[in-house]
Amino acid sequence: MSEYIKHILGIEKIKKEADALMMNKISKYEKEIANLKKEICELRQDNRQLAHQVEEKDKLDEMRKAGM
């Protein structure tokens, strides 16, 4: 085989390795993004529940002040 062809094959091998590494990195970050979105949804749900609890407490306080 000529040196040029060996050189080209070497470059192609390196490109394939780089592509595989990049795909692994992309998969890793996609999983991290999915986990963060899930956490954000859970946080929103927790915030809604806390807001509801505070609202209920405020209503009870108002009723107590009104003498009920």
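- Note on Glu62 versus Lys59: no salt bridge recorded, every NZ/NE/NH1/NH2 to OD/OE distance being 4.0 Å or above.
- Rounding to the nearest 0.5 Å gives a distance of 10.5 Å between OH of Tyr4 and CG of Leu9.
- Between the CD atom of Glu42 and the CD atom of Glu39 there is a distance of 7.0 Å, given to the nearest 0.5 Å.
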Check the pair Glu3 / Lys6 against side chain to side chain contact (heavy atoms under 4.5 Å, CB included), numbers first and verdict last.
CA-CA 5 Å; Glu3 290 299 315; Lys6 287 180 185 178; 4.0 Å; yes
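- Here the straight-line distance linking atom CD1 of Ile33 with atom CD1 of Ile26 works out to 10.5 Å at 0.5 Å rounding.
- Of the charged side-chain nitrogens involved, at least one lies within less than 4.0 Å of a carboxylate oxygen, so that Arg64 and Asp61 count as a salt-bridged pair.
- With rounding to the nearest 0.5 Å, the separation of CG in Asp46 from SG in Cys41 is 11.5 Å.
- The distance from atom CD1 of Ile14 to atom CG of Asp19, rounded to the nearest 0.5 Å, is 12.0 Å.
- Rounding to the nearest 0.5 Å gives a distance of 13.5 Å between NZ of Lys37 and CD of Glu32.
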Side chain to side chain contact (heavy atoms under 4.5 Å, CB included) between Leu21 and Lys25, intermediate numbers included
CA-CA 6 Å; Leu21 291 172; Lys25 197 177 267 192; over 6 Å; no
Kindly determine whether Leu60 and Lys57 satisfy side chain to side chain contact (heavy atoms under 4.5 Å, CB included), including the steps that lead there.
CA-CA 5 Å; Leu60 285 173; Lys57 184 184 179 302; 5.7 Å; no
Side chain to side chain contact (heavy atoms under 4.5 Å, CB included), that's the test. Do Lys15 and Ile11 meet it? Break it down for me.
CA-CA 6 Å; Lys15 284 182 181 180; Ile11 290 173; 3.8 Å; yes
